[in-house]
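Shown next, in structure tokens, is the structure this report addresses.
In this chain, residues are counted from 1 in sequence order. First listed ligand is number 1; within each ligand, the first listed atom is number 1.
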Amino acid sequence: MAGKIVANRAGSPFDFELVEGDSDQFTTVVASTEQITLWIDPENIKRTQRIGRGLFGDVWLATLNDHEVAVKVLPPIIREDSIHAVSSMLSVLFSKRQELESVCSLLGVSIVDGKLCIVTKFFESSIGERMASLKDGKLSLHDVLRYGADLAQGIVELHAKEILVLNLKPSNFLLDKNDHAVLGDIGISYLLLRIPLCGSDMIRRLGTPNYMAPEQWQPEVRGPVTFETDSWGFACCIVEMLTGIQPWSGKSVDEIHKAVVLRQEKPHVPDGLPPAVENVIVGCFEYDFRNRPLMEDILSAFKRSQNAVFRDGSWIDAGTMPKKSISNGYSEWFLSKDNLQLGDKVRSRKPPNSCKPESMEVPEGTIVGLERDSEYVLVSVHGIHDPIRVHGFTLERVTFGLAAGDWVRLKAENKKHSRVGVLHSVNRDGSVAVGFIGLETLWKGHYSDLQMAETYCVGQFVRLKSDTFSPRFEWPQKRGGEWATGKISQVLPNGCLIVKFPGRLSFDESNSSFLADPAEVEMVSFNKCPTLVKKYQHVEDFHWSVRPLVMALGLFTAMKLGFFVGKKITRRSRVKGQRKSNVSDGQNGNGQTGAGAGAGAGAGAGGGAAWLPPKVANIIFREEVSTPTSW
Ligand SMILES: Nc1ncnc2c1ncn2[C@@H]1O[C@H](COP(=O)(O)OP(=O)(O)OP(=O)(O)O)[C@@H](O)[C@H]1O
């Protein structure tokens, strides 16, 4: 960076000195501590015309030292004490501009009228504008593949700086003079996510609804947002460029939320794409982001498909065919993230949503060989002489006793987020990333901060622990005030449990499932129910129809019993009447009184039969036995 210092800071909150003449011919800033900062004197920014307006502020065309620039004026949602934090986050991008070829150049920041302004290079046009100028609004496949590769490159560059875009959409894809696409959003919404904001929840929303991934709607509940969140947004844009129709077009924000988050619907991917591109785009719409491809996978698919030609019913020059998923319930993208190396400790991978490994071909082993151009590996297993050859996708890497997908608990007390979560990665240096409810992004730390936690999976019955008085999420209670028992229907990537209550009749689908923090629940199983009553209550939780069925059965039995007893009493009175008439006819020779007969009838069938002569008693007994079938 060349140039002379032209001014010391003037009223800016940053520690810097202005210099003149960097490679882009703009005034930029060098911190006195050698750290490059990006302060621009507001006096030097001359706004001319507004060119856009979005949730995160207006975009203006402006001049800075006689050069046209774009200025994004953020609404006054950033607290004064956070401006420095935002600026230092942006300074990462600013200092590494050379590494960000496909991302709109950040020229600096300033504060105008108390609002943070982000100054970037100005571009004449965007993909959104180009699409709007076309009759059917859609681009050719050739252009989509070309722009797609440019944009995927830009997103890979930002991801390498640990920045998510979260606001991918055609109007944010700018076009340079050579018709190359450049990423116009430098991750503003992600930067704002990490600082306290003033203002409404609306401001808190991350992105534009039509392009938002399921976890993006409530990242602290259904998240976290990760690199693969951008894969969903990217795929939405590709579908729009190919079809000319915005995903979920014509739907309200609420309807999109219901479709994407609750009903788990996905945009339709058009036919006729090169196989590698179709494979990644379909993969981008997986509900669980861990099953989606990373941006590097997308970039490689777009790059190798650029020269693809469709001839005689098949694709030529479309690169190698996509890898076929092995059928253990995980996507190929999920499985390829483990990236096995020689010396890694491994074990057989359990099926998704299962608490126990199905087959433990490798209970514990070490990788001793990697086959070239194949996904097979050689594993040395204790007790087996020769290494065994298995498909790498059937194994999971175990590092420091932990594997991605394990349930973990933070050793330290934490009030902000749940202490129980799901491990997303454990690196060979011991660093880990965990999804916890209450955090919008992955928690990063060291494996020694964690301990193993109880595993939850789909199909298990759970209820809130009895000592939970104010649960994180609403939870239904039974009539006596006890927490109801529900069945886990889905486990989200941060360990959030989606629980249904099959024991409760509900006509409104949206009210039929509840969320639960795994740190607040306990498992309920038939065997663990201590008493018969509890066991019956557990059976009742299986389906709402159990209780009415049992009631109907009880009623039926009671009616039957009543009918039977009634019938018996009638018969006995008939016999008694007969006996009385026999007595009056002078046939009673055993001295029984009428009072004695009445007491016998009142005592029940056995008591009643006791005094009868053997023949009569037999008749009654036979009738008792035959009653159920003839009734
Ligand atoms: N550097 C730039 N050069 C030219 N035009 C730009 C530049 N940056 C943004 N724009 C244009 O300004 C408009 C608004 O951009 P902005 O990124 O603010 O929109 P948005 O994404 O809809 O808003 P938000 O991100 O606040 O939700 C877009 O149409 C975009 O093409």
Closest protein heavy atom to [atom], given as residue, atom name and distance to 0.1 Å:
atom                    : result
atom 9 (C) of ligand 1  : Val59 CG1, 3.8 Å
atom 21 (O) of ligand 1 : Lys169 CE, 2.9 Å
atom 27 (O) of ligand 1 : Leu55 N, 3.2 Å
atom 5 (N) of ligand 1  : Ile51 CD1, 3.6 Å
atom 7 (C) of ligand 1  : Leu174 CD1, 3.8 Å
atom 23 (O) of ligand 1 : Gly54 CA, 3.2 Å
atom 19 (O) of ligand 1 : Asn172 OD1, 3.8 Å
atom 13 (C) of ligand 1 : Gly52 CA, 3.7 Å

Are [X] and [Y] ion-paired here, with the side-chain N under 4.0 Å from a carboxylate O?
X      : Y      : result
Glu228 : Lys337 : yes
Asp185 : Lys169 : no
Arg222 : Glu440 : no
Asp297 : Arg292 : no
Lys258 : Asp254 : yes
Asp288 : Arg290 : yes

(message) Quick check on the 6.0 Å ring-centre criterion: do Phe234 and Phe302 meet it?
(response) yes
(request) Check whether the ring centres of Phe285 and Trp232 lie less than 6.0 Å apart, and answer yes or no. (result)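 Yes - the distance between ring centres of Phe285 and Trp232 falls below the 6.0 Å cut-off.
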(request) Indicate whether any N or O donor in one side chain lies under 3.5 Å from an N or O acceptor in the other, for Glu286 and Ser331. (result) no
(request) Answer with yes or no whether the side chains of Ser418 and Asp517 bring together a donor and an acceptor at under 3.5 Å. (result) yes
Does any N or O atom in [X] lie less than 3.5 angstrom from one in ligand 1, N or O only?
X      : value
Phe123 : yes
Glu129 : no
Ser171 : yes

(message) Looking at ligand 1, would Gly57 count as a contact under a 4.0 Å heavy-atom criterion?
(response)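 Gly57: in contact with ligand 1 (<4.0 Å).
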Numbering as shown, the atoms of ligand 1 that approach [X] to under 4.0 Å (heavy-atom distance):
X      : answer
Thr120 : 1 (N)
Phe122 : 3 (N), 4 (C)
Asn167 : 21 (O), 24 (P), 25 (O), 27 (O)

(request) Ignoring hydrogens and angles, tell me if any N or O in the side chain of Tyr287 forms a donor-acceptor pair with the backbone of Val261 under 3.5 Å. (result)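 Side chain of Tyr287 to backbone of Val261, a donor-acceptor pair under 3.5 Å: yes, one is there.
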(request) With heavy atoms only and a cut-off of under 4.0 Å, state how Lys72 meets ligand 1: side chain, backbone, both or neither. (result) side chain
(message) I want to confirm something. Looking only at heavy atoms, which of Glu124, Lys121, Arg53 is nearest to atom 1 (N) of ligand 1?
(response)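 When every heavy atom of Glu124, Lys121, Arg53 is considered, Lys121 comes closest to atom 1 (N) of ligand 1.
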